[in-house]
Amino acid sequence: MNAAPCKPIRYTQRLSHIALISCAILFSPLLIASPASDSIKLPAPLSATDFIQTDEARSRLGQLLFFDPILSGNKNIACSSCHHPEFASADGVALSLGDGGQGLGPERIPVTGKNRPEQRIGRNAPALFNLGTKQFRSMFHDGRLEVDTQRASGMRTPLENDMLQGFDSILSAQSMFPVLSPDEMAGHYNENEVSRAVRMGLITGPDGAWQKISERVQAIPEYVEQFKAAIPSIQQASDIKFTDISNVIAEFISSEWQAVDSPFDRYLQGDAHALSAVEQQGLQLFYGKAGCVSCHQGALQTDHDFHAIAMPQFGPGKVARFESEPQDIGRMRVTGKPEDKYKFRTPSLRNVTLTAPYGHNGAFATLDSIVRHHLNPAASLAGFKLSAVKLAPLPEKDAKDLNQARLDRVVPELLAANELAVIELADSEISALVAFLHALTDSRSGAGKLGKPQAVPSGLAVE
């Protein structure tokens with residue numbers, strides 16, 4: 001049977017916690033012979049040299065900023081609100097509530113009053129495991145932030161030539177774009193000085209949103225002292241730039257969520273008993289008959305490319321404020337190329353069992369369901385129930401976000417763009433595949449190394 005052309009799959013069944021994105025450097029997978037079979041080639045195990053170097057003082061400073069709501073427009077949400085250790089650096093729901101929500105994970109609810117969320121966030125909050133590896137060259141589900149050595153900033157971003165220079169890595173740049181999103185962290189027009197700057201298109205410069213956030217950090221003596229200790233070039237409060245904040249957060253993410261000690265890792269290192277018999281069967285299917293390796297390549301099980309796999313459409317999508325029809329055309333919104341419509345980045349599968357639901361919009365609640373979708377997208381869409389999607393609560397948006405007629409209208413387009421071939425597997429083979437995906441779990445990495453701080457220098461509440 002021919003292997004499927006690709007199999008993106010950022011899915012899991014939750015056990016613990018955390019991580020996924022980062023830097024530069026083109027990835028060339030190093031292959032070794034499988035302990036199970038000479039006919040299958042497996043990647044070399046991850047090692048310390050695969051990760052960018054981090055400094056403990058900078059990582060600890062980044063930890064505080066990651067959990068501190070001071071970086072959000074209304075000072076009511078932190079990076080950790082949607083990427084929390086309790087939920088494996090994700091949040092356990094398909095589409096989240098950002099600014100205007102309270103609580104964590106599936107228990108997060110909208111506040112009442114004028115700060116109530118305007119809509120759900122249009123895409124699933126990805127986990128952060130192994131984002132500190134040198135292999136990642138693009139960020140976000142659509143890759144709108146990516147390495148580009150021809151640009152002064154070293155990367156292509158939605159800000160184009162207005163992008164700041166000084167980010168240490170693509171992970172650093174990515175980690176700070178949510179502070180510009182009204183629905184995620186900035187808040188909405190006239191709610192605060194950051195959201196007003198964003199609405200006016202002022203991002204960089206002395207009156208820009210990033211500078212206003214930097215000034216908040218500059219005004220907190222404990223942060224100033226920690227920056228001076230961690231970064232020798234910083235001598236006084238005004239020396240702290242937005243890129244400094246972003247760089248230390250990236251170092252925290254990189255060092256905090258390294259998943260490198262799964263049964264699969266131990267198997268790659270030569271321990272033939274690290275995988276059970278059913279997990280070894282799943283490995284054979286993953287790298288053989290099921291064709292998963294076509295897209296889930298290398299030690300992180302991703303080709304770092306973009307593929308259309310007919311994922312269901314629902315939620316507010318990814319649209320400009322003037323667009324009335326919710327939709328998410330994926331990579332096409334970045335490149336403008338019709339052939340990129342409905343394409344999304346292949347996710348890494350490391351710790352996939354910890355971060356359900358799966359897909360760029362969290363459409364599938366279980367590994368079994370997302371695997372079956374990959375094997376036969378048309379059959380999966382025919383039986384897909386919007387009522388099964390686990391959304392953060394925002395009842396006034398349910399009719400629009402869970403519109404079955406809208407989904408039915410777009411299904412022919414989704415299937416026309418689909419790259420996956422139909423593959424027939426027995427239920428026992430699907431179970432074996434899922435067992436192998438569980439073998440990619442480094443359970444000790446879930447909660448991270450430093451975890452949640454008891455308090456942050458701003459004095460704001462830590463969730």
Side-chain angles (χ1 to χ4, degrees), residues 58 61-62 64-79 98-99 115 139-140 144-148 150-253 320-321 456-460:
R58 289 164 61 100
L61 177 53
L64 296 175
L65 289 160
F66 186 87
F67 284 88
D68 198 334
I70 194 68
L71 303 185
S72 65
N74 291 316
K75 303 180 184 180
N76 62 356
I77 185 172
C79 305
D99 177 77
N115 187 228
M139 296 292 135
F140 301 108
R144 62 187 180 275
L145 175 64
E146 54 193 335
V147 172
D148 185 343
Q150 301 303 308
R151 296 176 185 260
S153 65
M155 57 194 77
R156 184 168 78 105
T157 84
L159 295 178
E160 293 294 343
N161 295 330
D162 290 332
M163 184 66 177
L164 288 177
Q165 297 185 44
F167 292 103
D168 286 345
S169 68
I170 195 169
L171 174 59
S172 172
Q174 184 278 339
S175 69
M176 297 315 297
F177 271 86
V179 302
L180 305 179
S181 168
D183 294 317
E184 294 183 56
M185 295 182 70
H188 297 282
Y189 189 52
N190 278 337
E191 287 184 347
N192 59 75
E193 73 278 12
V194 174
S195 65
R196 284 193 292 273
V198 171
R199 182 64 175 264
M200 295 171 64
L202 300 173
I203 307 302
T204 60
D207 297 317
W210 282 348
Q211 177 61 23
K212 293 182 183 300
I213 294 171
S214 300
E215 290 170 356
R216 292 181 179 182
V217 175
Q218 293 169 3
I220 301 173
E222 185 178 343
Y223 273 135
V224 174
E225 292 307 308
Q226 290 205 35
F227 267 106
K228 288 165 62 177
I231 303 176
S233 62
I234 294 177
Q235 299 294 312
Q236 56 191 358
S238 59
D239 292 336
I240 301 172
K241 302 296 188 288
F242 183 82
T243 50
D244 297 314
I245 296 169
S246 187
N247 287 337
V248 296
I249 289 177
E251 288 207 26
F252 166 69
I253 293 172
R321 291 286 171 180
V456 291
S458 68
L460 295 169

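One is the number of the first residue; the rest follow in order along the sequence.
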Residue pair Ala197 / Ala209: nearest heavy atoms and the distance that separates them: CB-N, 3.8 Å

- request: Report the distance from atom CE of Met185 to atom CE of Met176, rounding to the nearest 0.5 Å.
  value: 6.5 Å

message: Could you report the tightest heavy-atom contact between Leu460 and Ile70, atom names first, then the distance?
response: CD1-N, 3.6 Å

Pairs where residues 229-249 contributes a residue and the test ring pair (Phe, Tyr, Trp, His ring centres under 6.0 Å) is met, not counting sequence neighbours: Trp210-Phe242

- prompt: Residues in side-chain contact (heavy atoms from CB on, under 4.5 Å) with Asn74, at least two apart?
  reply: Asn76, Asp99, Asn115, Glu191, Asn192

- line: Hits for side-chain contact (heavy atoms from CB on, under 4.5 Å) against Thr157, two or more places apart or cross-chain, chain-then-number order -> Leu145, Met155, Leu159, Met163, Phe177

Where Ser195 and Gly187 come nearest, the two heavy atoms and their spacing: CB-O, 3.4 Å

message: With a 4.5 Å cut-off on side-chain heavy atoms, are Phe167 and Ser153 touching?
response: no

query: Can any side-chain N or O of Ser175 pair as donor or acceptor with the backbone N or O of Ser172 at less than 3.5 Å?
result: yes

- prompt: Which distance, rounded to the nearest 0.5 Å, do you find between the SG of Cys79 and the CG of Leu65?
  reply: 8.5 Å

field: All salt bridge (Lys or Arg N to Asp or Glu O under 4.0 Å) counterparts of Asp207, not counting sequence neighbours
entry: none

field: Those residues that, when tested against Glu225, pass salt bridge (Lys or Arg N to Asp or Glu O under 4.0 Å) (two or more places apart)
entry: Lys228

message: Please enumerate all residues that pass side-chain contact (heavy atoms from CB on, under 4.5 Å) together with Gln211, with sequence neighbours excluded.
response: Ser214, Glu215, Gln218

query: Quick one: OG1 on Thr243 to CD on Gln165, what's the gap to the nearest 0.5 Å?
result: 10.0 Å

- request: Heavy atoms only: give me the nearest Gly98-Ile77 pair and the separation to one decimal.
  value: C-CD1, 3.4 Å

- prompt: Is any side-chain heavy atom of Val194 less than 4.5 Å from a side-chain heavy atom of Val179?
  reply: no

Value rounded to 0.5 Å, distance of OG in Ser169 from CD1 in Ile253: 9.0 Å

query: Ignoring hydrogens and geometry, is there a side-chain-to-backbone donor-acceptor pair from Asp168 to Asn247 under 3.5 Å?
result: no

- line: NE2 (His188) and CZ (Arg199) are apart, to the nearest 0.5 Å, by 10.0 Å

- prompt: Which residues satisfy the side-chain contact (heavy atoms from CB on, under 4.5 Å) test with Pro457, sequence neighbours excluded?
  reply: Leu64, Asp68, Ile220, Glu222, Tyr223

query: What are the two closest non-hydrogen atoms of Phe66 and Ala78, and how far apart are they?
result: O-CB, 3.6 Å

message: Once ring-ring contact (aromatic ring centres under 6.0 Å, His included) is applied, do any residues pair with Phe227, and if so which ones, sequence neighbours excluded?
response: none

message: Could you measure the distance from the CG atom of Leu61 to the CD1 atom of Ile249? Nearest 0.5 Å is fine.
response: 8.5 Å

- prompt: Does the side chain of Glu160 come within less than 4.5 Å of Arg151's, by heavy atoms?
  reply: yes

task: Kindly state each residue pair satisfying salt bridge (Lys or Arg N to Asp or Glu O under 4.0 Å) with at least one member in residues 230-252, sequence neighbours excluded.
output: Arg58-Glu251

task: Could you list the residues that satisfy salt bridge (Lys or Arg N to Asp or Glu O under 4.0 Å) with Arg216, not counting sequence neighbours?
output: Glu193

- line: Contacts satisfying salt bridge (Lys or Arg N to Asp or Glu O under 4.0 Å) that involve residues 173-188 (not counting sequence neighbours) are Asp183-Arg321

query: Can you list the residues that meet the salt bridge (Lys or Arg N to Asp or Glu O under 4.0 Å) rule with Arg144, with sequence neighbours excluded?
result: Asp142

